[in-house]
Amino acid sequence: MNFPKLIANWKMNGSSKLVKEWLEEAQDKIPKDYQTKCLFCPPVCYISDASKLISRTDSDLLLGAQDIDAHSSKSLTGGISGSMLSDLGCTFVIIGHSERRINFKEKEIIIEKLKSALSSNINVIYCVGEDSSEKESGNTTKKIIDQLSVLKGLNPKNLMIAYEPIWAIGTGNNASSEYIRDVHSVIKNELENLLSSNTDIPIAYGGSIDTSNVETIVKTQYVDGLLIGGASLKAAEFSEIAKISLNF
Ligand code: PGA
């Protein structure tokens with residue numbers, strides 16, 4: 001599987017105009033052979049526009065969704081299934097982001113969403129991360145292991161993990177290289193225990209990545225990718241991050 005190295009998570013930002021401008025600029029500024037390593041995740045209402053623009057401009061950027069419904073077919077007003085996302089050209093979906101866990105109280109439903117995505121052949125970026133009180137009380141490992149436990153029994157081939165400490169998201173306070181390396185190493189070991197497979201599951205880091213810290217983070221041991229929120233909204237900044245990270 002071709003996993004992305006950079007993931008642009010737009011969250012609830014943007015407009016049709018901004019999506020168009022962003023894609024045109026990113027297509028122009030990100031080297032062609034690196035575009036296949038960059039995943040664009042706009043709000044769901046812009047995925048169709050983005051998909052058409054990506055094909056029209058002959059771009060190689062990957063397209064992903066920020067959420068998926070847990071059911072594949074049901075009378076479910078407002079639901080969006082994996083096959084619908086696939087139909088629009090999405091090959092990845094983000095599941096378990098802390099903003100959904102907190103604001104939408106997502107917990108038990110996460111396993112259903114994982115199954116729904118994998119059964120529709122959509123690759124999953126599964127997010128885990130501790131909050132500041134868990135970090136301060138020395139419970140980071142416990143929290144991460146608990147969040148990873150839902151992966152037991154799933155097919156690891158289509159999985160990527162994103163480690164996003166909640167205290168680092170949108171705060172300008174990214175985790176240090178040593179801290180990221182240690183947590184990613186815990187994740188790696190736990191995935192081997194859980195999935196008893198030789199598949200090397202990529203692990204991305206996310207939380208206040210920008211042009212000033214990307215080089216240090218991307219060079220960190222066990223970092224296979226980057227999940228970028230705020231700094232992905234401007235194509236110029238995201239393209240600069242891409243140019244820095246493609247050397248590593
Ligand atoms: P941030 O967000 O880069 O703005 O910290 C990352 C994320 O939540 O995906």
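Quick caveat: nothing in here was measured; it's all calculated off a predicted structure. Both counts, for ligands and for their atoms, begin at 1 and track the order of listing. The figures here come from the full heavy-atom set of this structure, side chains too, leaving out hydrogens, waters and symmetry mates.
- Close contacts of ligand 1 with N9, meaning ligand atoms under 4.0 Å from a residue heavy atom, involve 9 (O).
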Step by step, would you call K29 with F238 a side chain to side chain contact (heavy atoms under 4.5 Å, CB included)? CA-CA 9 Å; K29 291 193 169 148; F238 185 75; over 6 Å; no
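- Of the protein's non-hydrogen atoms, G230 N, 2.8 Å is the one closest to atom 4 (O) of ligand 1.
- Applying the ring pair (Phe, Tyr, Trp, His ring centres under 6.0 Å) test between H184 and each of Y163, Y222, Y179 identifies Y163 as the sole match.
- A salt bridge is defined here as a Lys NZ or Arg NE, NH1 or NH2 lying under 4.0 Å from an Asp or Glu carboxylate O, and D67 with R100 meets this definition.
- Comment: E134 engages K143 in a salt bridge, judged by a side-chain N to carboxylate O separation of less than 4.0 angstrom.
- Checked against a 6.0 Å centroid threshold, the rings of F40 and W22 count as neighbours.
- In this structure, K37 fails the cation-pi test against F3, since its NZ or CZ atom is not both closer than 6.0 Å to the six-membered ring centre and inside 45 degrees of the ring normal.
- Between G206 and ligand 1, not a single N/O pair is under 3.5 Å apart.
- Given atom 3 (O) of ligand 1, the protein heavy atom at minimum distance is G229 N, 2.8 Å.
- Atom numbering of ligand 1 starts at 1 in the shown order; those under 4.0 Å from a heavy atom of L227 are 9 (O).
- Residue I102 shares its hydrophobic cluster (ILVMFWY side chains chained together at separations under 4.5 Å) with I166.
- Among all protein heavy atoms, the one lying closest to atom 7 (C) of ligand 1 is E164 OE2, 3.0 Å.
- A salt bridge between D69 and K113 is absent, with no side-chain N of the basic residue lying under 4.0 Å from a carboxylate O of the acidic one.
- The shortest N or O to N or O distance between T171 and ligand 1 is not below 3.5 Å.
- Residue contact check: G207 has heavy atoms under 4.0 Å from atoms 5 (O) of ligand 1.
- Nearest to atom 2 (O) of ligand 1 among the protein's heavy atoms is K11 NZ, 3.2 Å.
- At a heavy-atom distance under 4.0 Å, atoms from both the backbone and the side chain of I169 approach ligand 1.
- Ligand 1 has no atom lying under 4.0 Å from any heavy atom of A231.
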